[in-house]
Amino acid sequence: MSGLWRFVRGGGRARMLGSVLLGTGTVLASVGLLAVSGALISEAALEPESLLVLLPLITSVRLFGLSRAALRYAERLVSHDLTFRLLGGVRAQALDHLARVAPAALIGARGGDLLMRVRSDVDELQGVYLRLFAPALVAALVALVTLGLLWRVSPPLALVTAGLYAVAGVLLPAMVVRAAAPAGQAQNAARAELGAATLEALHGLPDLLTGGGRPAAERHFGRLLSALEAAEVRRARVTGPANAAREALGGLGLVAALVLVGQGVAAGTTPGPLLAAAALGLLASFEAVGNLGSAWATYSALRAAADRVEGLRTLPPAVQDLPGAAGVPADLTLRFEAVTFRYPGRDDVLRGLNFTLAPGERVALVGPSGAGKSTVLALALRFWDPSGGHVSLGGVDLRALALADLRACFAWAPQQAEVFDGTLRENLLLADREAADADLTALLTDLGLDTLLSRLPGGLDGWVGEFGARLSAGERARLSAARALLRPAPILLLDEPTAHLDPANARRLLRAVERRAGGQAALLVTHQPDLLGAGWRVVQLAGPVPRARQADLSPPG
Ligand SMILES: Nc1ncnc2c1ncn2[C@@H]1O[C@H](COP(=O)(O)OP(=O)(O)OP(=O)(O)O)[C@@H](O)[C@H]1O
C-alpha cells in the first residue's frame with residue numbers, strides 16, 4: 001500500500017479531502033433519496049391525507065435528488081482534477097528519470113517497453129486514487145454514517161449490516177486482491193510486451209514485408225494477443241464472482257432489514273415508514289461499500305504498473321554529477337590522455353588514446369569501422385566515463401564538471417541523424433529558437449539542401465515525417481549537420497555527416513562546415529579524409545584488431 005500511496009500523496013490534502021467529502025455526500029444523498037422515497041411511499045399509503053408529514057418528505061426527495069447530481073458533478077471535477085495533476089507529475093518524473101540515465105543506460109532497453117511505462121503504466125496509475133483510495137475512504141465514511149442511523153432504528157440490524165460491510169468491504173476485497181494478483185501481473189506484462197512488439201514491428205515493417213518475416217511476425221502477435229486475452233479472462237473470472245457476491249450481500253442486507261425492522265413494525269414499536277426507509281437506504285449504501293470488492297480487483301495491476309514506473313527511477317545512470325561539480329573553465333581545450341574505454345561486458349574499444357582539440361582547431365578522426373570514432377565523441381559528451389586515463393576540458397577532468405554545463409559546450413550531429421516528426425523549420429529551430437527564416441534558408445542552401453527546400457511542399461513549413469521518413473538518408477544527415485551548425489556552442493562534433501553523400505555534395509557540406517564553424521573547434525568523424533580542405537589535423541584510430549597503440553599521428557599543433 002505504501003508503494004501506491006507514493007503516487008497519491010502529491011495530490012494536495014485540500015483537494016483529497018474535498019473529493020472524499022463530496023464522494024461521501026453523493027452516496028449519502030443516494031442513500032437519503034432511496035430511504036426518504038421509501039418512507040414517502042409508505043406514509044402516503046398509510047396516511048394519504050396527512051400533508052404535514054408528506055410535504056417535508058416530498059421536499060427531501062427533491063433535495064436529495066438534486067443534490068446527488070450536483071454533488072456527483074462537483075466530486076468528479078475535484079477528483080479528476082486531482083488525478084490529472086497526479087498523473088502530470090508522475091509522467092514528468094518518469095521522463096526526468098529517462099533523461100537522467102539517457103543515453104547510455106537506455107541502450108538495450110526496448111523503446112516500446114519504455115513507451116508503455118511512460119504512457120500506459122502511468123495512465124493506469126490514475127486508478128490508484130480514483131479506484132482505490134477514494135472509494136475506500138468514501139466507503140468508510142458512508143458505512144459509519146449509515147451504521148449510526150441504522151443503530152437508531154434497530155441495533156440488531158446495525159450489527160448485521162456491520163458484518164455485511166466487513167465482508168463486502170474488507171474480506172471480499174482481500175480475497176479478490178489475492179486471487180487476481182497473478183492475472184493482473186500477467187496482464188500488465190502482456191500489455192507491455194505487446195506494446196514493445198508493436199513499436200518494433202512498425203519500425204521494421206518494410207523489412208518484415210519484403211524479407212518474408214510477415215508469417216512469423218503474425219504468429220508472434222497471435223501469441224502475444226492470446227496471452228493478453230488469457231490474462232484478462234483470468235482476471236474477469238475473479239471480478240465477475242466478486243461483483244455477483246457484492247450484489248448478493250446488498251440483497252442479504254435488504255432481507256435482514258425487512259425481517260429485523262419488520263418485527264418492530266409488527267409489534268407496533270417502530271413506525272411503518274421506517275421499514276421501507278431502512279431497507280432501501282441500506283441497499284443504497286452498498287453502492288459505496290460493495291464497490292470496494294471490484295475496485296480492489298485492480299490492485300495487483302496497479303501495483304505492477306507502479307513497480308514498472310518505479311523501475312525507471314531506480315535505473316542506474318552510466319554517469320552522474322559528482323557532488324560539488326564545477327562549471328566549465330574559460331579554456332575549452334579538449335584533451336584525451338591515455339584514454340582506455342570498453343563498453344560493459346566487451347573488450348577495450350580504445351586503448352591509450354591521446355589527442356588534443358584546441359579552441360578553434362579542426363580535427364578529423366579517421367580509422368576503420370568499429371575503431372571507436374563515435375565512442376570518442378560519446379566520451380567527449382560524457383555519455384560514458386573512460387575505463388582508464390582522462391578526458392578533460394581546459395585541464396579539468398570531465399567528471400569534475402557539471403554535466404549540463406559540459407554538454408552545453410557541444411553542438412553534436414550524431415551518426416544516426418535524429419529528425420523529429422515536424423516541419424523543416426521546427427527541426428532547425430530546436431538548435432536556435434531565434435534563427436530567422438532567411439538564415440535557415442541560407443544555411444540549407446550552403447549545405448546543398450536548396451533542392452529539398454524547393455521540392456518539399458511548403459519549403460521550411462514542409463513536413464519531414466516521423467524520423468524524417470520523407471527525407472533521403474543524405475538529406476537527414478545534412479539536416480542534422482545544419483542543426484549542429486545553428487547551435488551556438490564552442491565545440492562542434494560531427495559524426496560522419498558525409499556518409500550518405502556523393503563526393504560533390506560531401507565536398508559542398510565540408511566547405512560549408514569550414515566556412516560556418518568560424519571560431520568553433522570542430523571534431524569530425526569521417527571515412528573520406530581526402531575530401532577535407534586545408535586546416536584539418538587528422539587523428540588516426542587503430543582498428544579494433546590488431547590492437548596497436550592508438551595515437552595522434554599528426555605533429556603536435
Ligand atoms: N553501446 C554499445 N555497447 C557495446 N558495444 C558498443 C556500443 N556502441 C558501440 N559498441 C562497439 O564499440 C566498437 C566501436 O564502435 P564505434 O561506433 O565507436 O565505432 P566507429 O569507429 O564509429 O565505427 P563506424 O566507422 O562503423 O561508425 C564497435 O565494435 C561497436 O560494436
Side-chain angles (χ1 to χ4, degrees), residues 98-111 113-114 200 203 315-320 334 336 338-355 357 362-389 391 398 403 407 410-418 473-474 476-478 480-481 484 491-501 503 506 509-510 513 522-532 536-554:
L98 289 184
R100 182 179 53 88
V101 300
L106 298 185
I107 291 170
R110 298 174 78 191
D113 178 56
L114 295 177
E200 277 162 15
H203 273 305
L315 272 177
V319 297
Q320 54 191 332
L334 179 68
F336 280 63
V339 168
T340 297
F341 179 74
R342 81 187 66 93
Y343 288 100
R346 303 281 295 263
D347 288 342
D348 285 351
V349 174
L350 303 170
R351 202 179 281 169
L353 174 67
N354 292 294
F355 82 91
L357 176 73
R362 311 270 152 82
V363 168
L365 277 180
V366 299
S369 222
K373 302 179 294 298
S374 302
T375 304
V376 169
L377 303 196
L379 289 173
L381 288 158
R382 206 174 162 229
F383 292 159
W384 304 92
D385 284 330
S387 329
V391 185
L398 298 193
L403 258 182
R407 288 180 185 164
F410 297 100
W412 175 50
Q415 190 172 17
Q416 301 283 345
E418 291 299 346
R476 280 198 291 273
R478 280 177 288 178
S480 171
I491 305 176
L492 197 53
L493 303 176
L494 299 172
D495 199 343
E496 295 192 43
T498 56
H500 300 279
L501 302 183
L509 179 133
L510 290 171
V513 169
L523 185 55
L524 173 99
V525 172
T526 182
H527 284 289
Q528 299 153 293
D530 46 312
L531 299 182
L532 295 170
W536 289 91
R537 188 159 60 84
V538 175
V539 171
Q540 170 86 41
L541 296 192
V545 191
R547 289 201 171 275
R549 187 180 155 76
Q550 296 157 337
D552 187 343
L553 294 186
S554 309

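Counting starts at 1 for both ligands and their atoms, following the listed order. For this chain, numbers begin at 1 and follow the sequence in order. These numbers come from the heavy atoms of this one structure, side chains and all, not from hydrogens, waters or symmetry mates.
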* Only counting residues at least two apart or in another chain, list the ones meeting side-chain contact (heavy atoms from CB on, under 4.5 Å) with A413. => S480, A484, L494
* To do: Please answer whether the main-chain N or O of L381 pairs with a side-chain N or O of R407 as donor and acceptor at a distance below 3.5 Å.
  => yes
* Would you tell me which option among G370, A499, G372 has the nearest heavy-atom contact to atom 28 (C) of ligand 1? => G370
* Looking at ligand 1, does any of its N/O atoms fall within less than 3.5 Å of an N/O of W384? -> no
* Structure fact -> To the nearest 0.5 Å, atom CG of L334 lies from atom CG of L398 at 7.0 Å
* **Partner residues of W412 under the ring-ring contact (aromatic ring centres under 6.0 Å, His included) criterion, sequence neighbours left out** => F383
* For P368, does its backbone N or O pair with a side-chain atom of K373 as donor and acceptor, under 3.5 Å? -> yes
* Which is closest to atom 27 (O) of ligand 1 by heavy-atom distance: Q415, Q416, K373, H527? -> Q415
* To do: Return the orientation label for the Y343 and W384 ring planes: parallel under 30°, perpendicular over 60°, tilted otherwise.
  => perpendicular
* **Residue E496 vicinity, atoms of ligand 1 by number, heavy atom under 4.0 Å** => 24 (P), 25 (O), 27 (O)
* **Contacting atoms of ligand 1, where contact means under 4.0 angstrom from a heavy atom of T375** => 14 (C), 15 (O), 16 (P), 18 (O)
* Applying a strict 4.0 Å limit to heavy atoms, is G367 in contact with ligand 1? -> no
* Select one of side chain, backbone, both or neither to describe which atoms of V349 lie under 4.0 Å from any atom of ligand 1, heavy atoms only. => side chain
